Amino acid sequence: MQYKTPLRDMQFVLHELLDSTTHYQSLPQYAEVERDIIDSYIEAAATFAENEIAPLNRSGDEEGCTFNNGEVTTPKGFKEAYKQYCELGFAALAAEEEFGGQGMPFSLGTVVNEIMGSANWSFSMYPGLSHGAIATLEHHGTDEQKAIYLEKMVTGEWSGTMCLTEAHAGSDLGIIRTKAEPNDDGTYSITGQKIFISAGEHDMTENIIHIVLARLPGAPAGTKGISLFIVPKVNVNADGSLGERNGVTCGSIEHKMGIKASATCVMNFDGATGYLIGPENRGLNCMFTFMNVARIGTAVQGLTASEVAFQGSLEYAKERLAMRSLSGAKAPDKVADPIIVHPAVRNMLLTEKAFAEGGRALVYYLAMFADVVAKGTGEEQQYADQMLSLLTPIAKAFLTETGYEAANHGVQVYGGHGFISEWGMEQNVRDTRIACLYEGTTEIQSLDLLGRKVLGSQGKMLANFTKVIHKFCKEHEDDDSMGEFVRPLAKLNTEWADLTARIGMQATQNPDSVGAAAVDYMYFSGYVTLAYLWARMAAVAKKALADGTTETGFYDAKIKTAQFYYSKLLPRTRTYLARIDSGAEPYMSMDVDQFAF
């Protein structure tokens with residue numbers, strides 16, 4: 001398959017659903033970002049992605065990265081494509097202007113990231129990790145650190161990573177062992193090993209700036225004793241030129257299920273020179289800047305998986321002939337009907353489409369809250385931060401899981417051909433599987449959502465969002481044409497609050513109830529969140545049709561996809577409700593020794 005940017009749907013979400021121009025005008029720094037500017041960036045990204053990096057997707061997967069004595073070589077064409085990516089200004093799109101960036105909104109950068117990721121996820125990993133490193137330095141670095149590193153990172157001349165994970169400590173960062181010993185000159189000697197470091201070593205840039213978590217001598221145990229450090233691959237002289245190689249090396253690269261063109265590295269720090277970012281023992285707080293950006297980026301990967309699966313499946317289903325329609329031949333001039341006539345195939349196609357377009361709406365909606373957190377003020381900023389805190393784990397976990405489901409449908413639509421590499425569907429499955437794991441597994445994101453964000457805020461964060469849904473339902477309760485969406489949405493919105501209260505009561509009797517309910521709660525929350533956005537999209541489409549649009553096919557399809565979502569996908573919430581209400585006992589009653597005999 002060949003990726004084609006869904007420009008019309010992107011424009012629908014940005015301009016008609018979310019009214020991006022008004023959103024940007026509400027933030028003084030972005031007041032001049034009008035529709036023509038937005039569309040020009042998206043169209044330029046589409047041209048580059050479709051023509052330059054999409055053709056490298058399969059070849060990059062087949063070739064993979066090469067490791068030789070600490071050096072990593074990326075697949076053929078990647079280095080040249082990265083150079084062009086930077087020359088076109090995509091690396092600097094959403095960075096601050098004072099450091100060479102273009103000062104565009106995070107949300108616009110998110111749209112561009114979707115395009116790049118859909119075309120070639122492995123390629124997008126290299127600049128993608130730099131975005132978080134840049135954001136961390138912008139928010140927490142000293143003026144001197146910003147002056148030394150940011151401009152070259154922003155332009156893409158240097159890249160960045162985040163180094164958190166250790167072999168014995170996956171998502172439990174409180175038990176990391178990497179040490180930071182103070183030096184007399186104010187620097188630190190960093191010693192330890194980090195694993196699963198995306199883009200930890202490669203041949204695209206002349207320097208790589210690692211953002212590393214480590215412990216100072218005498219630091220408190222757990223997460224309260226972690227500090228954050230800048231550790232460059234090559235030391236930087238006072239005048240900004242490159243000096244001697246630092247004591248950080250790549251020990252190996254992983255042999256992976258997917259994203260094989262993205263170098264996943266074991267990084268060894270042997271007394272490497274590091275520079276403290278932020279206060280001592282507050283490194284995890286500073287790293288949240290990086291982690292939140294990365295989690296939104298991972299949610300984008302779930303969206304891209306659904307989009308790629310849908311595009312490939314649709315093309316194949318319209319051409320592949322197999323059997324006759326049960327309601328009579330639809331292509332009597334051919335030996336059989338195209339498989340798109342069969343309800344089972346349409347179920348898979350529409351599931352992919354509903355997750356792709358619904359996921360796009362959720363990611364863009366989320367990214368606009370991130371704009372306000374970055375550039376807003378006062379109560380507006382505080383509210384956006386709370387909404388972002390609630391919706392990020394939903395988007396990360398739900399969209400990656402539904403993206404993986406869609407990717408598997410992509411294989412299934414192709415039948416046996418889906419299992420064959422040449423069609424691209426099996427690569428989508430392999431590349432997507434990691435999205436459910438990194439930046440916090442689905443299970444960890446679910447526990448974060450229910451335990452920290454919802455129950456931890458005593459329901460305040462959830463109430464912020466359920467009020468938004470309630471307001472939408474009240475606005476449309478007298479519109480009979482919206483009844484098929486508003487009535488079930490209003491009921492689910494009420495159930496969401498009631499369900500949360502029941503879990504809270506269960507937890508007072510048995511703390512394991514929260515862990516037992518978390519994943520089902522996340523899925524319930526995800527389906528309701530997408531239901532709200534699909535109802536909004538249906539309302540926009542109905543208004544466009546009522547106003548006499550000439551694009552009747554587009555808007556009618558939007559309404560029909562919303563109807564499919566509500567009738568065929570949203571009922572899954574009933575299962576999650578039943579599972580949650582059964583409590584923790586079915587999980588916890590079995591003794592460990594009883595699991596196997």
Side-chain angles (χ1 to χ4, degrees), residues 1-6 46 48-66 72-78 81-82 113-129 196 198-199 202 253-264 297-317 319-320 348-349 351-353 355-356 359 399-439:
M1 65 158 291
Q2 179 66 39
Y3 169 71
K4 184 69 176 176
T5 307
F48 172 76
E50 292 170 13
N51 295 309
E52 301 301 331
I53 62 174
L56 299 175
N57 189 43
R58 183 182 164 204
S59 63
D61 178 65
E62 292 176 336
E63 183 181 345
C65 292
T66 304
V72 174
T73 304
T74 52
K76 183 180 180 181
F78 270 53
Y82 178 77
N113 291 343
E114 180 204 336
I115 296 170
M116 302 300 173
S118 298
N120 189 327
W121 188 262
S122 286
F123 176 89
S124 72
M125 291 285 287
Y126 292 97
L129 270 296
F196 301 158
S198 298
H202 55 80
I253 59 174
E254 305 293 352
H255 305 281
K256 301 173 296 184
M257 177 179 178
I259 56 170
K260 294 184 176 182
S262 170
T264 303
T298 308
V300 172
Q301 186 178 6
L303 156 59
T304 67
S306 294
E307 180 63 36
V308 168
F310 175 63
Q311 288 194 21
S313 299
L314 179 61
E315 181 180 0
Y316 187 80
E319 296 178 358
R320 175 70 170 179
M348 292 185 284
L349 289 171
T351 298
E352 295 165 346
K353 181 178 174 66
F355 286 149
L399 293 187
T400 56
E401 290 288 349
T402 55
Y404 186 59
E405 177 185 339
N408 278 294
H409 285 317
V411 171
Q412 196 76 5
V413 169
Y414 278 75
H417 290 290
F419 201 65
I420 306 302
S421 297
E422 285 80 356
W423 294 95
M425 292 295 100
E426 62 87 31
Q427 182 187 341
N428 192 32
V429 172
R430 290 187 289 104
D431 286 352
T432 300
R433 186 63 185 89
I434 185 62
C436 304
L437 305 175
Y438 55 16
E439 305 310 328

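Throughout, numbering of the chain's residues begins at 1 and tracks the sequence. Note that the structure is predicted; figures quoted are calculated from it, not measured. What's counted below: heavy atoms across the whole structure, side chains too, no hydrogens, waters or symmetry copies.
- Side-chain N or O atoms of S118 include none that pairs as donor or acceptor with a backbone N or O of I115 at under 3.5 Å.
- The minimum heavy-atom distance between A199 and Y126, with the atom names listed, is CB-CD2, 3.8 Å.
- A 4.5 Å side-chain heavy-atom check between I434 and Q301 finds at least one atom pair inside the cut-off.
- The two residues T298 and T400 come nearest to each other via the heavy atoms O-CG2, 3.5 Å.
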**OP:** Could you check M1 against M425 for side chain to side chain contact (heavy atoms under 4.5 Å, CB included), going step by step and ending with a plain yes or no?
**Re:** CA-CA 9 Å; M1 65 158 291; M425 292 295 100; 3.6 Å; yes
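- Here the OG-CG distance, from S262 to D61, works out to 12.0 Å after rounding to the nearest 0.5 Å.
- Between the side chains of E352 and S313, at least one donor-acceptor pair of N or O atoms lies under 3.5 Å.
- Using cut-offs of 30° and 60° for the angle between ring planes, the Y316 and Y414 rings count as parallel.
- Across all non-hydrogen atoms, the minimal contact from L349 to A317 is CD1-CB, 3.9 Å.
- R433 pairs with exactly one of D431, L437, V429 by the side chain to side chain contact (heavy atoms under 4.5 Å, CB included) rule, that one being L437.
- Atom OG1 in T74 sits 9.5 Å away from atom CZ in F123 (nearest 0.5 Å).
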**OP:** Could you please spell out the steps behind the side chain to side chain contact (heavy atoms under 4.5 Å, CB included) verdict for W423 and V411?
**Re:** CA-CA 9 Å; W423 294 95; V411 171; over 6 Å; no
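- Here the closest non-hydrogen pair linking A49 and P55 is O-CD, 4.4 Å.
- The two residues F355 and S306 have their closest heavy-atom pair at CB-OG, 3.7 Å.
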**OP:** List the steps and the verdict of side chain to side chain contact (heavy atoms under 4.5 Å, CB included) for W121 and T304.
**Re:** CA-CA 8 Å; W121 188 262; T304 67; 3.9 Å; yes
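- Here I259 contributes atom CD1 and S124 contributes atom OG; the two are 9.0 Å apart, rounded to the nearest 0.5 Å.
- Expressed to the nearest 0.5 Å, how far NZ of K260 lies from CD1 of I253 amounts to 11.5 Å.
- Listed by chain and residue number, nothing satisfies the ring-ring contact (aromatic ring centres under 6.0 Å, His included) test with Y82 (two or more places apart in sequence, or in another chain).
- Using modelled atom types, one finds a donor on one side chain and an acceptor on the other under 3.5 Å when comparing S421 with E426.
- Side chains of Q311 and E307: a donor-acceptor N/O pair is present below 3.5 angstrom, by distance only.
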**OP:** Using the side chain to side chain contact (heavy atoms under 4.5 Å, CB included) rule, take N57 and Q427 through it: C-alpha gap first, then chi angles, then the decisive distance, then the call.
**Re:** CA-CA 9 Å; N57 189 43; Q427 182 187 341; 3.2 Å; yes
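- Counting heavy-atom neighbours within 6.0 Å of E50 CD, excluding the residue itself, gives a total above 12.
- Heavy-atom contacts from other residues, nucleotides or ligands closer than 6.0 Å to NZ of K4 number 12 or fewer.
- At a threshold of 4.5 Å between non-hydrogen side-chain atoms, the residues E63 and F78 do not count as touching.
- Summarising the geometry, atom NZ belonging to K76 is positioned 13.0 Å from atom CD belonging to E62; distances are rounded to the nearest 0.5 Å.
- Note that CZ of F310 and NE2 of H409 are 13.0 Å apart. Values are rounded to the nearest 0.5 Å.
- The two residues T432 and A305 make their nearest non-hydrogen contact at OG1-CB, 3.2 Å.
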